[in-house]
2 protein chains.
Amino acid sequence: MSDSPPIDRPQTPSRAPHSAAFSPLYQQIKGLILQGLDRGEWKPGESIPSELELAARFQVSQGTVRKAIDELAAENLLIRRQGKGTFVATHNEAKVRYRFLRLAPDDGRTGVSSSQILDCRRAKASAEIAAALDLRAGDAVVNMRRVLSFDDVPTILDDIWLPGSIFKGLTLESLLRYRGPVYALFETEFGVSMVRAEEKLRAVAATDVQAELLRIPPGSPLLQVERIAYTYGDRPMELRRGHYVTERYHYRNSLN
Amino acid sequence: MSDSPPIDRPQTPSRAPHSAAFSPLYQQIKGLILQGLDRGEWKPGESIPSELELAARFQVSQGTVRKAIDELAAENLLIRRQGKGTFVATHNEAKVRYRFLRLAPDDGRTGVSSSQILDCRRAKASAEIAAALDLRAGDAVVNMRRVLSFDDVPTILDDIWLPGSIFKGLTLESLLRYRGPVYALFETEFGVSMVRAEEKLRAVAATDVQAELLRIPPGSPLLQVERIAYTYGDRPMELRRGHYVTERYHYRNSLN
DNA sequence: CAGTGGTCTAGACCACGTG
DNA sequence: ACGTGGTCTAGACCACTGC
């Protein structure tokens, strides 16, 4: 990364005053760093160049780079570590393994969790799924189903859809072989970093199939969590419908 | 506000290096501004002094004040408006009226909403409620119940508990007279600003009473939302248990 | 035009992690 | 000792608002 291709920035600020397309310098720098992340110039877990290096490369002051990185760190795309550097966020570290999992036990104790893959197959996207993943109806998707257990109690039934063109090599066998969060697998095997997600929550009654898989009476209340997860550039990369048993666990959320 | 009591800050930085109680200057400034908000020195909706004024008062540079305000703005306690000033956040503005309401219609259309107060009485706190509100069991609380309807469809049944010592004058009559969000009422009538909240979500089956009030079949799935709302200084000021009908509405959430 | 927050710079010093 | 990010300052100029 020691090559320093200076960005195309004229001596006069690269914007016309009063222009509609006006954008502060640090936002432009933020965009350039984002592009680097998207291109995979720096992989999850790795460090990006130091602030001074980036400032030199982009021909701006350290303060401007800092403000760009500040925002990316606030969005959890980067992680600053004083004395060490700035690192690309990853789902591969113990500390942030449950970054997107909001289910917490009612009492404090945190038990062992395990995942059981029930199915993984290729299919054609329905209109609904295509819309969520920004595909066309009939496009290839990967469809998997699994059950997460906490303390050996089945608690979450997940149905997951992924764009087939990107997750080509994802098979039942590779999933069975893998231990750990699927988002970590997506990062290392497919170069897809999940960066942000939107969820829609509902209370529903368990169907017979759901009830059997979760070992609860049919019709029991379940928390349905529909998630669309995005990678860099707000590109949707996963649709997930989860059904949570909330007898001894709850979905926690903070409002500001 | 033109009096400028300079804060007690020695010429040498008010901290010993390597000290355990070390805190950056801007954090100290942030704390001082927070105290001002808590004391009611600036009321919700009003503007606080300009950055230069605060810098002069606290004997620090504008940049340091700016960083303190940046954080308070990121936490939604303050709102910056270029060219106008920095304002104390409020629940009284149309724009942020539903700051803490995460229920959204499945389709885009947003209908009229109305609130029906069912009850409001004084009571003694149970152990559970006392714990949530940082009170002692048996302490006075105000207990109210209401139904929120969207497009004339009953959708949310709320049970609310408030510390009785602070919400003394809150009666059924005053609630019936008032139009608008209760958090706005709390601000203007009781000087209590809700600043942050924690929620725990579950799926439950509707009890007979809930079913009747929400005009749904008994046993229907309901989204239970338990909220503790905090004012400045993380002091809990409200416990609320909501039951949401999620047939045509969903609880939306963003993960980063 | 004056006052506010927003951007950008340059430089000094501190705290942390590693060698 | 060195390099990293973290804090703090001072000053210039820009953009937005309201008089």
Side-chain angles (χ1 to χ4, degrees), chain A residues 1-2 7 9-33 42 46-74 78-89, chain B residues 1-2 7 9-33 42 46-74 78-89:
Chain A
M1 303 299 123
S2 58
I7 72 167
R9 190 163 73 91
Q11 293 309 71
T12 48
S14 61
R15 52 194 145 92
H18 302 241
S19 156
F22 164 82
S23 158
L25 238 192
Y26 76 87
Q27 287 286 1
Q28 301 177 38
I29 302 302
K30 183 182 172 186
L32 290 170
I33 297 174
W42 315 292
E46 291 179 7
S47 71
I48 68 172
S50 76
E51 295 178 350
L52 280 171
E53 256 182 282
L54 290 170
R57 176 190 310 191
F58 297 139
Q59 298 283 286
V60 299
S61 78
Q62 183 187 11
T64 300
V65 170
R66 179 181 294 276
K67 186 150 186 185
I69 293 179
D70 276 347
E71 291 206 352
L72 292 167
L78 296 177
I79 299 169
R80 323 190 75 139
R81 282 199 258 261
Q82 185 173 145
K84 301 185 71 172
T86 300
F87 297 78
V88 182
Chain B
M1 304 297 127
S2 57
I7 71 168
R9 190 164 73 92
Q11 293 309 71
T12 47
S14 61
R15 52 197 146 90
H18 302 241
S19 155
F22 164 81
S23 158
L25 238 193
Y26 76 88
Q27 287 286 1
Q28 300 176 38
I29 303 300
K30 184 182 172 187
L32 290 170
I33 297 174
W42 316 291
E46 291 179 6
S47 71
I48 67 171
S50 76
E51 295 178 350
L52 280 171
E53 257 183 281
L54 289 171
R57 176 190 309 191
F58 297 138
Q59 298 283 287
V60 300
S61 77
Q62 184 187 9
T64 300
V65 170
R66 178 181 295 276
K67 186 148 187 184
I69 293 179
D70 276 346
E71 291 206 352
L72 292 167
L78 296 177
I79 299 168
R80 323 189 74 139
R81 283 200 258 259
Q82 184 173 141
K84 301 184 71 172
T86 300
F87 297 78
V88 183

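Lettering follows sequence order; numbering is per chain, from 1.
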#### Entry: Length of the CG-C1' vector between A:Leu78 and D:dT4, whole Å
15 Å
### Minimal non-hydrogen separation, B:Trp42 against B:Glu46, with atom names
CA-OE1, 3.7 Å
### Message
If I take atom CD in residue B:Gln27 and atom P in nucleotide C:dA15, what distance separates them, rounded to the nearest angstrom?
### Response
15 Å
### Message
Is the phosphate of C:dC8 approached by A:Ser61 (side-chain N or O, under 4.0 Å from OP1 or OP2)?
### Response
no
### Query
Which nucleotide, D:dT4, C:dG5, D:dG5, lies nearest any side-chain atom of A:Glu51?
D:dG5
### Message
From CD of B:Gln62 over to P of D:dC13, roughly how many Å is that when rounded to an integer?
### Response
15 Å
### Pairing residues for B:Ser50 by the side-chain contact (heavy atoms from CB on, under 4.5 Å) criterion, not counting sequence neighbours
B:Leu52, B:Glu53
Every protein N/O lying under 3.5 Å from an N/O of nucleotides 17-19 of chain D:
unit_1	atom_1	unit_2	atom_2	d
D:dG18	OP1	B:Lys84	NZ	3.4

### Task
For A:Gln59 and C:dC8, give me the distance from atom CD to atom P, rounded to whole Å.
15 Å
### Query
OP1, OP2 of D:dC8 versus side-chain N and O of B:Lys67: anything below 4.0 Å?
no
### Query
Are any side-chain N or O atoms of B:Gln28 and backbone N or O atoms of B:Ser23, one a donor and one an acceptor, separated by less than 3.5 Å?
yes
### Query
Under 4.0 Å between a side-chain N or O of A:Thr86 and OP1 or OP2 of D:dG5?
yes
### Task
Could you tell me the separation between the CD atom of A:Gln28 and the C1' atom of C:dC8, rounded to a whole number of Å?
12 Å
### Task
Rounded off to whole Å, could you give me the CD1-to-P distance for the B:Ile79 and C:dG6 pair?
12 Å
### Summary
Taken to the nearest 0.5 Å, the spacing of B:Ile48 CD1 from B:Leu54 CG works out to 5.5 Å
### Task
Check the pair A:Ile33, A:Phe58 against side chain to side chain contact (heavy atoms under 4.5 Å, CB included), reporting the backbone distance first and the verdict last.
CA-CA 10 Å; A:Ile33 297 174; A:Phe58 297 139; 4.2 Å; yes
### Query
Atom CD of B:Glu71 to atom P of D:dC8: distance rounded to whole Å?
11 Å
### Query
By side chain to side chain donor-acceptor pair (under 3.5 Å), which residues pair with B:Arg80, not counting sequence neighbours?
B:Glu51, B:Asp70
### Task
Identify which nucleotide among D:dT9, C:dC8, D:dG5 has an atom closest to any side-chain atom of B:Leu25, counting heavy atoms from C-beta outward.
D:dT9
#### Entry: Contact under 4.0 Å: B:Thr64 side-chain N or O vs D:dT9 OP1/OP2
yes
### Task
Only counting residues at least two apart or in another chain, list the ones meeting side chain to side chain donor-acceptor pair (under 3.5 Å) with A:Lys30.
A:Glu71, A:Glu75
## Note on the structure
Here the pair of heavy atoms bringing B:Ile29 nearest to B:Val60 is CD1-CG1, 4.1 Å
### Summary
Heavy-atom nearest pair, A:Tyr26 first then A:Ala68, reads O-CB, 3.4 Å
### Task
Answer with base, sugar-phosphate or nothing: what part of the nucleic acid does B:Arg66 contact at a heavy-atom distance below 4.0 Å?
base
### Query
Taking only residues two or more places apart in sequence, or in another chain, which ones meet B:Thr86 in a side chain to side chain donor-acceptor pair (under 3.5 Å)?
none
### Below 4.0 Å: OP1/OP2 of C:dT4 and any side-chain N or O of B:Arg81
no
### Task
Give the rounded distance in Å between these two atoms: CG of A:Asp70 and P of D:dT7.
9 Å
### Query
Using the C1' atoms of five pairs at each end, what's the angle between the two axes of the helix from C:dC1-D:dG18 to C:dT18-D:dA1, to 10 degrees?
10°
